[in-house]
Undergrad: 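Sending over a structure as structure tokens; questions will come in a sec.
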Amino acid sequence: MNTRNLKCFQIVYEERNLQVAASKLFLSPQGLSKIIKSLEDECGTTLFLRSKEGFIPTESGKVFYEKSKVIVQNLNEMFLSIESIDEREKRFKVGFAAGTIRAIDIPKVRDFMEDNPEILGSWSEYENAKVLDQVLNDEISFGFVVGKPTDSNLVASLVLSIDMVVYVHRDYRFWDNDIVEIKDLRDEKLILMNEKHHIYHDVVNACHLCDYKPNIVATVEEGEAMYKLVKNKIGIGISPRFLEDNDDIRAISLKDAYSWDIYGIYRKDSADKDLASNFLSAVKVK
């Protein structure tokens, strides 16, 4: 008897229909029927009455259902507790600011994580400020952030720089330009990375410095969504140079724009500073 078979029994019990239960479990009705029969053989009793109305639980089946729910819940709690302990033992945690996963060399990061099992291989992105605070508060051992932090308690080293560009559709007036300026975008519909991304706030501030409020018609989580909106002429996209040019969309350099700089950071006094230093050396663009 195993948890998989118990779950199969529970679904049949709840659905009262072998075909429906098998569909939910991605099993054939014949295979599911064999599992139920093996449980009945193991228990030495009939758990369901087979009828035209479906699978009707016997009194033994009702008892089995209630007890099996407790067993499965206890097992799930046990596995979660073990998983939690395993994660705590992986003391070296890495944080990613929004957008950085797209830019960094994933194979390098993955290979280093695999070679160092004490690293927790989580790939979630957060706001730039949150990753910075997590490193400063010693909640995580290493962070990828956008822009160089100034805190004296941190080691901060440039990992990668990416040019900032404007993505336009071929039907827009900037199509033939080699370069545009922020001030040229005053009357344009703009598509930006959302507020989680450092670049959103930088673009808004740059527009304000040029004495206008940007007309932001869309904010997106990732580059593919921006690409799709630009392709459908919703507006002009501003982002790091992530996307490839094609016959309908091209990237135009943004004059005097800063580059999108990703830094690797860790605390100088971190207990894992040696591992953090090695990690930084492994992922930096040479």
Side-chain angles (χ1 to χ4, degrees), residues 92-116 119-167 182 191-206 219-227 237-244 251 253-254 256-268 270 272-286:
F92 192 97
K93 298 179 175 67
V94 179
F96 300 86
T100 56
I101 288 179
R102 184 182 180 89
I104 62 175
D105 192 327
I106 297 297
K108 285 183 179 179
V109 176
R110 180 201 61 212
D111 291 347
F112 193 90
M113 287 180 173
E114 290 177 353
D115 291 340
N116 295 271
I119 298 178
L120 178 64
S122 174
W123 295 89
S124 299
E125 289 186 323
Y126 304 96
E127 290 85 352
N128 209 64
K130 181 174 181 179
V131 176
L132 179 58
D133 287 343
Q134 285 179 320
V135 174
L136 286 170
N137 294 330
D138 212 20
E139 296 171 14
I140 61 176
S141 306
F142 189 96
F144 289 100
V145 296
V146 178
K148 186 176 182 178
T150 57
D151 196 290
S152 60
N153 292 323
L154 295 176
V155 173
S157 183
L158 183 65
V159 173
L160 177 67
S161 290
I162 303 176
D163 292 338
M164 296 291 298
V165 296
V166 175
Y167 285 101
I182 283 288
I191 305 165
L192 305 181
M193 308 305 288
N194 66 27
E195 290 89 338
K196 282 176 55 179
H197 295 75
H198 199 274
I199 182 178
Y200 171 90
H201 306 282
D202 290 336
V203 170
V204 170
N205 289 337
T219 58
V220 297
E221 181 70 26
E222 36 73 32
E224 283 73 16
M226 177 179 289
Y227 195 89
I238 303 177
S239 85
R241 190 187 293 270
F242 285 145
L243 311 174
E244 297 293 332
S253 295
L254 194 55
D256 298 328
Y258 66 92
S259 57
W260 199 67
D261 297 332
I262 297 175
Y263 281 81
I265 62 171
Y266 60 92
R267 284 179 62 108
K268 292 178 179 178
S270 169
D272 292 311
K273 59 180 180 296
D274 291 338
L275 181 57
S277 177
N278 292 337
F279 183 53
L280 181 59
S281 297
V283 300
K284 284 181 67 171
V285 175
K286 304 296 191 289

Undergrad: To the nearest 0.5 angstrom, please state how far the CG atom of N205 sits from the CD1 atom of I182.
TA: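 Nearest 0.5 Å value for the CG-CD1 distance: 10.5 Å.
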
Undergrad: Would you check, one step at a time, whether the test side-chain contact (heavy atoms from CB on, under 4.5 Å) holds for I106 with W123?
TA: CA-CA 10 Å; I106 297 297; W123 295 89; 3.6 Å; yes

Undergrad: Could you go through the side-chain contact (heavy atoms from CB on, under 4.5 Å) check for V131 and E127 one step at a time?
TA: CA-CA 7 Å; V131 176; E127 290 85 352; over 6 Å; no

Undergrad: Do V94 and M113 have side chains that get closer than 4.5 Å, going by heavy atoms?
TA: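 Heavy-atom side-chain distance check passes, below 4.5 Å.
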
Undergrad: Taking all heavy atoms of R241 and all of I162, pick out the closest pair and write down the distance.
TA: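 Closest approach of R241 to I162: N-CG2, 3.4 Å.
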
Undergrad: Out of curiosity, S239 OG to L254 CG, how far, rounded to the nearest 0.5 Å?
TA: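 Nearest 0.5 Å value for the OG-CG distance: 10.5 Å.
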
Undergrad: Can you tell me how far the CZ atom of R267 sits from the CG atom of N137, to the nearest 0.5 Å?
TA: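 Separation between the atoms: 8.0 Å.
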
Undergrad: Any chance you could measure Y263, atom OH, to S161, atom OG, to the nearest 0.5 Å?
TA: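 Going from OH on Y263 over to OG on S161, the span is 6.5 Å.
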
Undergrad: Does any pair with a residue in residues 142-156 pass side-chain hydrogen bond (donor to acceptor under 3.5 Å, both in side chains), and if so which ones, sequence neighbours excluded?
TA: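 Output for this query lists D151-N153.
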
Undergrad: Say whether D202 and H198, considering side chains only, have a donor N or O and an acceptor N or O under 3.5 Å apart.
TA: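 Indeed, the side chains of D202 and H198 share at least one donor-acceptor pair under 3.5 Å.
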
Undergrad: Looking at Y167 and L243, would you say the former's side chain and the latter's main chain have a donor-acceptor pair under 3.5 Å?
TA: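 Yes; judged by distance alone, with no hydrogens or angles, the pair exists.
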
Undergrad: Got F112 and I119 here, is their nearest side-chain heavy-atom distance under 4.5 Å?
TA: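 Side chain of F112 against side chain of I119, heavy atoms only: contact under 4.5 Å found.
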
Undergrad: For the residue pair L280 and G264, what are the closest heavy atoms and their distance?
TA: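 That closest heavy-atom pairing would be CD1-CA, 3.9 Å.
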
Undergrad: Side-chain contact test, heavy atoms from C-beta onward, threshold under 4.5 Å: evaluate it for L192 versus I199 and give yes or no.
TA: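 A side-chain contact under 4.5 Å is absent here.
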
Undergrad: I265 and V155: side-chain contact (heavy atoms from CB on, under 4.5 Å), yes or no, with the steps?
TA: CA-CA 5 Å; I265 62 171; V155 173; over 6 Å; no

Undergrad: Taking all heavy atoms of P149 and all of G147, pick out the closest pair and write down the distance.
TA: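 So the two residues come closest at CD-O, 3.3 Å.
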
Undergrad: Could you check if a side-chain atom of I104 sits within less than 4.5 angstrom of a side-chain atom of V109, using non-hydrogen atoms only?
TA: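 In short, these two side chains touch, coming nearer than 4.5 Å.
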
Undergrad: Between M226 and G237, what is the shortest heavy-atom contact and its length?
TA: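 Smallest heavy-atom distance, with atoms named: SD-CA, 3.8 Å.
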
Undergrad: I need the F96 CZ to S124 OG distance, nearest 0.5 Å.
TA: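 That separation rounds to 9.0 Å.
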
Undergrad: Ignoring hydrogens and angles, tell me if any N or O in the side chain of N128 forms a donor-acceptor pair with the backbone of V145 under 3.5 Å.
TA: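 No.
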
Undergrad: So that I can tick it off, tell me whether E125 and R102 are bridged by a salt bridge, with the cut-off set at under 4.0 angstrom between side-chain N and carboxylate O.
TA: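 No, no charged N to carboxylate O under 4.0 Å.
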
Undergrad: Any heavy-atom pair between the side chains of F142 and D272 that's under 4.5 Å?
TA: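 Not touching, per the 4.5 Å side-chain cut-off.
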
Undergrad: Backbone N or O of E224 within a donor-acceptor pair of the E222 side chain at under 3.5 Å?
TA: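 The answer is yes, because a donor-acceptor pair under 3.5 Å joins these two groups.
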
Undergrad: Are P107 and D105 close enough that some pair of their side-chain heavy atoms sits under 4.5 Å apart?
TA: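 Counting from C-beta outward, P107 and D105 do come under 4.5 Å.
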
Undergrad: Do you see a donor-acceptor pair shorter than 3.5 Å between the side chains of D163 and S259?
TA: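 There is no such pair between these side chains.
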
Undergrad: Go through the steps for I238 and I191 under the test side-chain contact (heavy atoms from CB on, under 4.5 Å), then give the verdict.
TA: CA-CA 6 Å; I238 303 177; I191 305 165; over 6 Å; no

Undergrad: Taking C-beta and beyond as the side chain, do T219 and Y200 meet within less than 4.5 Å on heavy atoms?
TA: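 A side-chain contact under 4.5 Å exists here.
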
Undergrad: State whether the number of non-hydrogen atoms from other residues, nucleotides or ligands found under 6.0 Å of E244 atom CD is greater than 12.
TA: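 Atom CD in E244 is not crowded, with 12 or fewer foreign heavy atoms closer than 6.0 Å.
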
Undergrad: Measure the shortest side-chain to side-chain distance between L154 and V135 over non-hydrogen atoms and say whether it is less than 4.5 angstrom.
TA: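 Contact flag for L154/V135 side chains = yes.
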
Undergrad: Do the side chains of K196 and E221 get close enough for a salt bridge, i.e. N-O under 4.0 angstrom?
TA: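 Yes.
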
Undergrad: With rounding to the nearest 0.5 Å, note down the distance linking CZ in F279 to CZ in F92.
TA: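 Reported to 0.5 Å precision, the distance equals 6.0 Å.
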
Undergrad: Work out which heavy atom in A98 is nearest to a heavy atom in W260; give both atom names and the distance.
TA: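 So the two residues come closest at O-CZ2, 4.1 Å.
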
